[in-house]
Amino acid sequence: MPDPSPRFAHLFAPLNIGGIKVSNRILSTGHDTSMAHQGQVTDAMIAYHETRAKGGAGLIVSQVVGVHETARYTSHVLMGTDDGCLPGFRRLADAVHPHGTRIFAQLFHPGREIMEVADGTSPVAWSASATPSDRFHVIPRAMGTAMITEVVQGYAAAARRMQQAGFDGVEIVASHGYLPAQFLSPQINRRGDGYGGSFDNRIRFLREVLEAVREATSDRFAVGLRISGDEHTEGGMTEAGSLEAIRAMASMLDYVSVIAGTSASLGGAIHIVPPMFQRTAYLAPFAHAVKQAVDIPVLVAGRINQPQDAETIIATGQADMCGMTRALICDPDMPAKARAGRAGDIRACIGCNQACIGHFHKGVPISCIQFPETGRELIYGTRRRATTQKTVLVIGGGPAGMKAAATAAAIGHDVTLLEAAAQLGGQALLAQMLPGRAEFGGIATNLAREMARAGVTVHLGTEATAEMISAAAPDAVIVATGGTARIPPDMEFSEDAHIVSAWDVLRGHANVGGSVTIADWRADWTGLGVAELLASAGRRVRLCVNGPHAGEMLQSYVRDTMVGRVQKLGVEIIPYAQLFGADEDTAYFVHAANGEPMLVGNTDTLVLAQGTAARDALLSALEGYGGEVIGIGDCMAPRTAEEAVLDGLKAAWAL
């Protein structure tokens with residue numbers, strides 16, 4: 001392997017973790033892929049992790065492995081409770097190792113943090129004490145000492161199986177408010193026996209787990225701990241308390257991996273997978289404090305999405321390895337590109353959370369809105385080559401069109417893209433104007449770079465017509481003309497009502513009054529983002545949502561962050577509000593559940609955030625075209641950037 005780029009000399013230096021040598025400092029942290037089936041490793045999961053190993057990740061920590069039957073916190077959790085798991089884990093380790101990547105498994109018990117189970121019922125949840133979980137509204141049962149012993153032995157047995165399967169180590173999950181953290185927390189642990197009360201008693205469960213795991217495995221098998229510093233919840237663990245626990249356990253550990261947040265509260269859960277509102281590498285200072293306190297490697301994650309950020313963290317001694325999970329979901333080849341000095345070719349994660357943790361919360365395999373090949377490696381993992389080169393004309397330079405063009409050209413076709421506007425990006429250019437979402441514009445930058453690398457010819461400021469296309473006579477036409485701001489039909493708007501679209505507000509084309517009502521039909525980023533934008537400018541804002549709550553369509557960590565931001569600005573949120581009409585000073589809604597009138601007076605301006613209407617005139621005009629015509633993205637049916645990019649991938653593969 002050639003020497004790494006001098007720019008990333010620290011990032012590609014090897015690291016010893018216990019008796020294990022890791023080739024570089026790039027880590028894929030433990031994260032649920034939703035690819036397990038009946039608790040077992042699947043071909044899809046193996047292909048997913050092998051792709052990241054091929055791309056150059058130094059260490060992969062695979063997703064949580066339940067250590068006891070009561071650890072089934074979702075219907076798709078991996079289990080390590082019997083020897084039937086061994087063949088699948090062995091296949092996973094054997095797939096990763098040939099690429100020079102090490103693999104550890106997370107050993108896990110959620111305690112009271114139960115999300116859902118296969119049959120839809122609520123199981124008995126167990127914890128240190130019967131202290132409820134606010135987020136999932138679970139009241140657990142306190143574990144007796146016999147059950148504590150049984151669960152501790154479950155950790156040991158699972159660790160033994162992971163070593164038998166060929167894994168290089170295990171990581172005890174004491175982060176995010178899961179069972180070991182529930183014993184550590186004086187807020188949750190209210191026991192009066194030897195597992196509660198004093199710090200030494202509260203850490204006893206974790207100490208017994210580590211002792212049992214060590215006894216069950218060999219000296220060359222790495223044992224680490226993942227723990228949250230600040231849980232970011234009232235009464236939760238603080239960095240000082242977590243640091244005390246890390247110091248107490250350090251002699252039993254080969255490494256410690258630090259993160260933030262807790263599953264137990266809405267505010268704490270945001271930090272499990274922090275959205276783009278959070279600054280990059282924001283947990284490096286805590287990692288530095290831990291590194292100064294212990295003599296074992298310190299791993300850190302938390303919005304580290306670029307190799308230059310990771311290089312800085314390691315070069316300045318703040319941590320020894322950087323978790324870059326979403327960066328690897330977005331671009332599995334990120335390590336190889338950085339090593340070769342091709343940082344400009346990296347497809348940078350934009351922290352949208354839509355298809356990674358968003359898919360997990362829906363119970364479907366994780367992916368990425370920029371790189372839908374992720375999670376679909378068995379279908380798109382090996383790029384096909386065209387047997388016959390075609391001339392392909394792509395109409396529209398939004399995310400759908402750019403993905404289609406880049407993929408088709410990479411497959412081997414001769415591709416030209418026409419964009420009517422002066423700039424590529426489509427609706428992504430609007431999305432990046434929302435407060436705190438400037439990073440979303442990176443999807444356009446990344447896809448434009450992919451087109452350039454693939455050799456796509458791009459013409460900006462060129463409006464395509466059916467006649468122009470017929471004259472050019474390409475073999476295939478991919479229509480990706482996007483959409484426009486939807487104006488709902490049959491609304492009773494008086495002539496003196498002041499009505500503008502959210503798109504015009506973002507473009508700065510609207511004169512907005514001092515008292516604003518937003519009619520939010522989609523319940524996504526747009527209504528919440530425009531509410532924050534206008535409230536920040538000093539307007540009085542009422543956000544009327546046609547649904548049970550604002551941000552209903554968003555991934556929960558994104559939604560909860562945005563709702564928290566607008567609440568601080570004094571935005572009034574009115575749910576179940578279905579737009580009916582407006583006059584000079586009043587917006588009229590009906591309650592979506594009971595049909596009763598809802599009047600919002602003192603409305604100077606009504607802002608319509610009513611979704612997108614398909615711009616499909618060209619697609620319709622090409623119905624009689626002699627060549628192949630494929631419609632993708634919003635011109636087919638208005639959805640999101642995720643579906644647009646996936647449409648583009650599928651269209652190119654279908655050529």
Side-chain angles (χ1 to χ4, degrees), residues 1-5 8 10-33 35 41-65 78 88-107 162-171 220-224 226 254-255 257 297 299-301 304-305 307 310-311 314 319-340 342 346 349 366 371 373-375 377-378 381-382:
M1 183 178 293
D3 291 338
S5 165
F8 301 116
H10 296 87
L11 188 59
F12 288 98
L15 175 68
N16 290 320
I17 298 179
I20 303 299
K21 185 175 181 179
V22 182
S23 62
N24 64 59
R25 311 300 181 93
I26 296 174
L27 161 69
S28 176
T29 62
H31 59 286
D32 202 318
T33 62
M35 295 175 192
V41 171
T42 62
D43 290 345
M45 186 186 299
I46 292 170
Y48 171 84
H49 286 301
E50 184 178 10
T51 298
R52 275 122 201 101
K54 286 179 180 177
L59 172 63
I60 290 173
V61 179
S62 66
Q63 66 193 65
V64 295
V65 177
L78 276 178
F89 283 113
R90 189 172 289 118
R91 288 174 58 225
L92 176 54
D94 288 347
V96 166
H97 282 148
H99 305 288
T101 300
R102 298 293 193 170
I103 186 165
F104 298 170
Q106 284 192 319
L107 301 188
M162 294 305 104
Q163 185 167 25
Q164 289 174 334
F167 274 58
D168 301 297
V170 291
E171 180 175 279
R220 288 190 57 78
F221 190 70
V223 177
R226 194 172 208 212
D254 292 313
Y255 74 92
S257 177
L299 286 51
V300 66
I304 305 172
N305 63 351
E311 172 72 17
I314 296 163
D320 298 289
M321 179 172 268
C322 290
M324 305 183 72
T325 305
R326 281 179 290 174
L328 289 162
I329 292 172
C330 185
D331 192 341
D333 294 324
M334 177 270 293
K337 290 176 181 177
R339 184 182 180 91
R342 296 170 47 219
I346 292 171
C349 167
I366 63 169
F371 191 64
E373 291 92 334
T374 285
E377 285 83 3
L378 294 177
T382 301

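Just so you know, these numbers use all the heavy atoms, side chains as well, and skip hydrogens, waters and symmetry mates.
- Screening D94, L59, L92 against I103 for a side-chain contact (heavy atoms from CB on, under 4.5 Å) leaves a single residue, L92.
- R342 is linked by a salt bridge (charged side-chain N to carboxylate O under 4.0 Å, His left out) to D345, counting only residues two or more places apart in sequence or in another chain.
- Nearest heavy atom pair, residue A44 against residue M35, reads O-SD, 3.6 Å.
- Applying the side chain to side chain contact (heavy atoms under 4.5 Å, CB included) rule to Q163 yields the partners T217, S218, F221; only residues at least two apart in sequence or on another chain are considered.
- Taking T29 as the reference, T325 meet the side-chain hydrogen bond (donor to acceptor under 3.5 Å, both in side chains) condition, with sequence neighbours excluded.
- Residues satisfying the side chain to side chain contact (heavy atoms under 4.5 Å, CB included) test with E373, not counting sequence neighbours, are F371, Y380, R383, K403, L649.
- Applying the side-chain hydrogen bond (donor to acceptor under 3.5 Å, both in side chains) criterion to D254, with sequence neighbours excluded, gives R214.
- Here R90 pairs with nothing under the side-chain hydrogen bond (donor to acceptor under 3.5 Å, both in side chains) rule; sequence neighbours left out.
- The ring-ring contact (aromatic ring centres under 6.0 Å, His included) search around H31 returns Y48, not counting sequence neighbours.
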Would you check, one step at a time, whether the test side chain to side chain contact (heavy atoms under 4.5 Å, CB included) holds for I314 with C322? CA-CA 8 Å; I314 296 163; C322 290; 4.2 Å; yes
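- Residues that satisfy the salt bridge (charged side-chain N to carboxylate O under 4.0 Å, His left out) test with K54, not counting sequence neighbours, are absent from this structure.
- Among L107, V61, V65, the single residue meeting the side-chain contact (heavy atoms from CB on, under 4.5 Å) criterion with V170 is L107.
- Under the side-chain hydrogen bond (donor to acceptor under 3.5 Å, both in side chains) criterion, S28 pairs with no residue at all, not counting sequence neighbours.
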Worked verdict on M45 versus Q63 for side chain to side chain contact (heavy atoms under 4.5 Å, CB included): CA-CA 10 Å; M45 186 186 299; Q63 66 193 65; 3.6 Å; yes
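- The side chain to side chain contact (heavy atoms under 4.5 Å, CB included) search around D320 returns L15, R25, K291, P297, V298, not counting sequence neighbours.
- Remark: H49 NE2 to E377 CD distance equals 9.5 Å, nearest 0.5 Å.
- Considering only residues two or more places apart in sequence or on other chains, D168 meets the salt bridge (charged side-chain N to carboxylate O under 4.0 Å, His left out) condition with R102.
- Scanning for side chain to side chain contact (heavy atoms under 4.5 Å, CB included) contacts around D43 gives R91, L378, with sequence neighbours left out.
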